[in-house]
Every structure is written in C-alpha cells, then in structure tokens.
Number of protein chains: 2
Amino acid sequence: MDQKAAKISVTQRAIEQIKAMIAEGELRAGQRLPTERDLSADLGLSRSSMREAIRALTAMGVLEARHGAGVYVTQLAPSDLLETFGVVAEISRGATLVELLQIRRILEPAATSMAAARVTDAQLAVIHTHLEEMAASEQIEEFVAADLAFHRDVVAAAGNATLAAIIDGLSTRTFRARVWRGQKEKGVLSQMHLEHVRIYRALAARDPEAASAAAAVHVGEVENWLRENIADFE
Amino acid sequence: MDQKAAKISVTQRAIEQIKAMIAEGELRAGQRLPTERDLSADLGLSRSSMREAIRALTAMGVLEARHGAGVYVTQLAPSDLLETFGVVAEISRGATLVELLQIRRILEPAATSMAAARVTDAQLAVIHTHLEEMAASEQIEEFVAADLAFHRDVVAAAGNATLAAIIDGLSTRTFRARVWRGQKEKGVLSQMHLEHVRIYRALAARDPEAASAAAAVHVGEVENWLRENIADFE
DNA sequence: GGTATCGTTCTTGTCTGACCACTTTGTCGG
DNA sequence: CCGACAAAGTGGTCAGACAAGAACGATACC
C-alpha cells in the first residue's frame, strides 16, 4: 500500500505547506509570517529545519526575511518571483545559451510589437535618451548599460510585467558584455547602433509590424554571432 | 567610502561563492561537492549556515543533496533550473495569470512552428496517440492529461529544451482552469478537440505557418475564456 | 573463485540550546 | 512635544549531538 511513499524531508514538507498557504490565499502578499520559533512549533519541526525552508522560499523570491523585523511574503510580483530566472542565464553555457537567445528572438519581437501599439510619448522620450547614451559612450561598460536600459524600457512599454521579467532574465549583464566585446573586435558597433535606431523609429511610428521585424533582425544578429563563436562560451 | 556596504549574510555569501564556482567551471555538472562539514570549514562558516546555502541552491535546481551520499551539482539542464518556474504559475492569480497565458500565446505558436519544420514520423505517431486518447477519454481528468501530453510532445519536437521547460512551467497552473472550463461548458470539448486536430494536421503537413496559426488560435481561445472568467481566479 | 550478506564508516537530515546583531517599541527626561 | 536611551522581540549564526540512509569492504557461504 502506497509503496512509492517517497520519503520527503520535513523541510521539504514545510516548504510546500507555506507555498500552499500562499496559493490558497491564507497568506497574502506583503503579509508578515509568525516568528520562526512559532512557525516551527506550529508545523512541528525544529527551528533549524524551518529556517532552511524559509531560506529556500527566500531564494525563490516568495518570502523576504528582514533581520530583527520578521519574515514577510513578497509582493509576489513577476519581478520578485522571476529573479532567479537570471541564474539560468548566468550559469548556462554552450548550446543552452543559444537556446536562450533563440527564445529571446521569439519574445522580444513580440514585446516590441506590443510596445509599438501602446507606447506613450514620455516612454518614447526616455527610450531615445538611451540611444544618445549609446552613441556618446566610449567605454564598453557604458555602452552595455545603455543597451540594457534601451531594451528594458522598450519591453516595459509592452505592458506585460511577467514578459518583461522573463526577457530581463534572459540576458545578464555579464553575458551582454562578452558579446559586445566580441562585436567590437569585428567593428560592427555602428551596425548595431543602426539596428537600435530602426527599432526606435518603428516605435515612434507606432508600427507593430516594423517593430517586430526590427527587433527580430537585431536579436537574430546577436544569435548568429553567438552560433559562430559558441566555442568561447563552452 | 563604500558606504553602501550592504551587510550581506554569511549564508548569502556562501550561495554566491558556490554559484560562482559553477559559473567559472570550477564545479562541473554532475560533480560531487565536498562534504557539508568540509565546505563549511573551507568557506569559514558553520554547518547550519552552509546547509541553508545548499538548501537555497537546491531549491533553485542547481544542487541536489542525496541523503547519506553527498551533495552533487545537477546536470544544469534547463529542466533542472526551470523547475521553479512553475512556482510562478502556481501562486500567481488574477492579472498575472492573463500575462502568463499571453506569453504562452507568444511561445507556443513559435514552438509549434519550429516543430512542424523538424518533427519526425516517430514523434508524429506519438502525438497522434494523444489525439486518440483525448477522443476516447470519458473523464475530464483523462482528457486534461492527454491534452497536457499532446502539447508537451509537440513543444518537445521543436528541439529547444529550454523553450520546452518554460512552456511546461506556464502550463501547470492552467491545469485547473481547463478542468473548470470543461465542467462549465460541456460543448467546448469537441471544439477543443478540433483545434488539436488542426495542430496535428499542420505538423503532419510540415507546414510551419499553419502550425503557428493553429496553435495561436488554440491558446488564444483559452486566453479569451480566462479573461472573461478572471473573477474566479482572483 | 565467485557471490551474497553483514557490519563499519561516512554523509546528509534533524534537533537542541545558546548567543549575537538588528529592529521595534515604549519609557523617561528634557 | 520630542529626542535619547533602554528593553524586549526577532532573525542570523554557531556549536554539538544523534538519527537515517548510503557506500564500501570484510567475511562467510556456496
């Protein structure tokens, strides 16, 4: 009877109990949990094990522990829960990096298209400043920072916070730096800048089709470069 | 100087150190780590704190602890690292659920399109069995299970494991949504079955455009239904 | 000689209790 | 009224101990 009785650790059980409490609405976003000592007593385990459970949920972006002040449920916003998504991009290498960029080539054109249909003049102005920052940058770090901000603000204008969080996680800062360094050697920075300008123009024209195409070309270029230089990322 | 000196916990530092070791290639996929006692001694902290660090990385799918046998680095495959992605879908509600489905409406057509271009006859045969299972199912649960298997195998045929893992995470929470939908409106089952058949036909015809369109229609239907019944998911 | 079994030893899992670091709160004195 | 200080509460860290499971080797049996 019930042979598969997968022996589960008390810590794992506590993790799922707390997760369930949140899923059921028993614990709401921003709410404070009982103290570690009380919680461990209630769920019938030691404080050490309870702390491990809390640490695991903290790593997942579900809980947030404030030293001396208590443990709280995060806002459960996509940006909270998908923070760990960036870890995938950080520790992935080789073929998986190509897969990640392939996904970005699917998502970013869609997001840029959505942005073209609903971007405000104010957002457009901010995006334009990043273009100027890129043109004025001399250090590769400045360029990367402006590039990152450009894409982030474009995607944010699409109005889907979850989508923005995922795309954000797909390309870490260090990864971009490595790519741009490689691109610089080949002297195609001006080409990349032109691609950014095309994206901006499509947004300014409120043209979703053109925006999608421009974004696809841009990400596709990076993807192709990565495929050729995949050996450096093994 | 360095006023922002964000006091970081020893546990958090250990987490980042281990993560860095993996990112730098010092620790490789599948490799065994030193024992908890040795690790805590090397990094200069107590075993309790080290255990919390390991637990956090375990929750992220980076490490795997085997009782009595040691701690190992996972294969670092997308399916390992993106397991926590499903948590987002599990505990999200309301507007975020719509956002998640919106993302699936972007990804799944793209994946289905890719699958149409490279699906093998063997894969196609397996996918077809799920169609028959759906047609033969009498219980809602059977239908949903076959539906999940259908989509999973279609996406898997796209050949991008990372993409498959993400879409898989997006689908977990819609499990219940589909059940409810079937319970409320019994007539839609045949409609949904027809949508699946359209996807299959496009795959069999190796027609990426048709596959993309069929998948978009299918996911779009679910999305529309969710928007109308969003009140039930708050 | 080969193999199965048992026991030792190593490693993770859990518990307990203590103390430290930080936050919050309330009280006291100006 | 308010600022400073003291006290209580809470998470962070540490140390040591024992339980539970796994791996390995020795031993006994066939």
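Chain identifiers are assigned alphabetically (A, B, ...) following the order of the sequence lines, protein sequences preceding nucleic acid strands; residue numbering begins at 1 within each chain. Hydrogens, waters and symmetry mates are skipped; everything else that's a heavy atom, side chains included, is used. From a predicted model like this one, the values you see are computed outputs, not experimental measurements.
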Are there any protein N/O atoms within less than 3.5 Å of an N/O atom in nucleotides 4-9 of chain C, and if so, which ones and at what distance?
none

I need the full list of salt bridge (charged side-chain N to carboxylate O under 4.0 Å, His left out) pairs touching residues 51-60 of chain B, with sequence neighbours left out, sorted by first then second residue.
A:Arg51-B:Glu52, A:Glu52-B:Arg51, A:Glu52-B:Arg55, A:Arg55-B:Glu52, B:Glu36-B:Arg51

Restricting to side-chain hydrogen bond (donor to acceptor under 3.5 Å, both in side chains), what partner residues turn up for B:Ser46, sequence neighbours left out?
B:Ser49

Under the rule for side-chain hydrogen bond (donor to acceptor under 3.5 Å, both in side chains), what residues qualify as partners of A:Gln102, not counting sequence neighbours?
B:Asn160

Reading 5' to 3' through nucleotides 10-19 of chain C, protein heavy-atom contacts under 4.0 Å coded B for base, S for sugar-phosphate only, - for none
-BBBBBB-BB

Keeping to residues at least two apart or across chains, list the ring-ring contact (aromatic ring centres under 6.0 Å, His included) pairs with something in residues 81-114 of chain A.
A:Phe85-B:Phe85

Atom pairs and distances, side-chain donor-acceptor, residues 10-20 of chain B, under 3.5 Å, sequence neighbours left out:
from: B:Gln12; atom 1: NE2; to: B:Glu16; atom 2: OE2; distance (Å): 3.4

Name the atoms and distances for all side-chain donor-acceptor pairs under 3.5 Å in residues 152-159 of chain B, with sequence neighbours left out.
from: B:Arg152; atom 1: NE; to: B:Asp168; atom 2: OD1; distance (Å): 3.3
from: B:Arg152; atom 1: NH2; to: B:Asp168; atom 2: OD1; distance (Å): 3.2
from: B:Asp153; atom 1: OD2; to: B:His130; atom 2: NE2; distance (Å): 2.6

Test of understanding: with salt bridge (charged side-chain N to carboxylate O under 4.0 Å, His left out), list the residues that count as partners of B:Arg118, not counting sequence neighbours.
none

